[in-house]
Amino acid sequence: DEPLRRYEDLGAFDAILGDRTPDELAVIGDVLRPLDGNDLLPTLTAFLEHNGHLENAAGALGVHRHTMRNRLGRIAELLGGGLDSADTRARLLLAVRAREMLDD
């Protein structure tokens, strides 16, 4: 049996994704499937974790901002839309976290 956890002890992603089945997590993470088989997922993750700040994400990855911009353009193309919407970025970050939970 898992110990009881209080809601205030949960992070937002634990509260949203924590009780999901592996199949449900896979569905949530499926939006990222077009990025499978290439090295763009770390770029997207860095961009999302840096609140959409291109230069900060580029610095975290150790790449030039123009390289980052080109990669983000490719990601937007593969995912079928831009990354300028907060709703889109939130959905993608949720998908990244769902995949991380599946990998754990």
Q | Minimum heavy-atom distance Leu17-Leu94, with the two atoms named | A | CD1-O, 3.9 Å
Q.
Within this structure, what is the CG-OG1 distance for the pair Leu93 and Thr88, rounded to the nearest 0.5 Å?
A. 12.5 Å
Q: Identify the two heavy atoms, one from Ala98 and one from Leu25, that lie closest to each other, and give their separation to 0.1 Å.
A: CB-O, 3.6 Å
Q) Which pairs count as ring-ring contact (aromatic ring centres under 6.0 Å, His included) when at least one residue sits in residues 18-42, sequence neighbours excluded? A) none
Q. What's the spacing between Ile28 CD1 and Asp23 CG if we round to 0.5 Å?
A. 11.0 Å
Q: With sequence neighbours excluded, give me every salt bridge (charged side-chain N to carboxylate O under 4.0 Å, His left out) pair touching residues 29-52.
A: Asp30-Arg33, Asp36-Arg99, Glu49-Arg97
Q | Minimum-distance pair of heavy atoms, taken over all atoms of Pro34 and Leu78 | A | CB-O, 3.4 Å
Q. At what distance, to the nearest 0.5 angstrom, does CG of Leu54 lie from CZ of Arg65?
A. 9.0 Å
Q | Side-chain heavy atoms of Leu61 within contact of Thr67, under 4.5 Å | A | no
Q) For the atom pair CG (Leu41) and CD1 (Ile75), what is the distance rounded to the nearest 0.5 Å? A) 8.0 Å
Q. Please, which pairs that meet ring-ring contact (aromatic ring centres under 6.0 Å, His included) have at least one residue in residues 16-45, sequence neighbours excluded?
A. none
Q | Pairs flagged by ring-ring contact (aromatic ring centres under 6.0 Å, His included) wherever residues 76-102 is involved - sequence neighbours left out | A | none
Q) How far apart are the closest heavy atoms of Arg89 and Leu83, and which atoms are they? A) NH1-O, 3.0 Å
**Q.** Residue pairs passing the ring-ring contact (aromatic ring centres under 6.0 Å, His included) test where at least one lies in residues 65-86, sequence neighbours excluded
**A.** His64-His66
Q) Considering all heavy atoms of both residues, which atom of Leu44 and which atom of Leu35 are nearest to each other, and what is their separation? A) CD2-CD1, 3.7 Å
Q) Out of curiosity, Met68 CE to Glu55 CD, how far, rounded to the nearest 0.5 Å? A) 11.0 Å
Q. Which atoms form the tightest heavy-atom contact between Ala76 and Gly82, and what is the distance?
A. CB-CA, 4.1 Å
Q) Does Arg74 have any salt bridge (Lys or Arg N to Asp or Glu O under 4.0 Å) partners at least two apart in sequence or in another chain, and if so, which? A) Glu77
(Q) Measuring from atom CG of Asn56 to atom CG of Asn51, what distance do you get when rounded to the nearest 0.5 angstrom? (A) 9.0 Å
Q) How about Asp103: does its CG atom have over 12 heavy atoms from other parts shown lying under 6.0 Å from it? A) yes
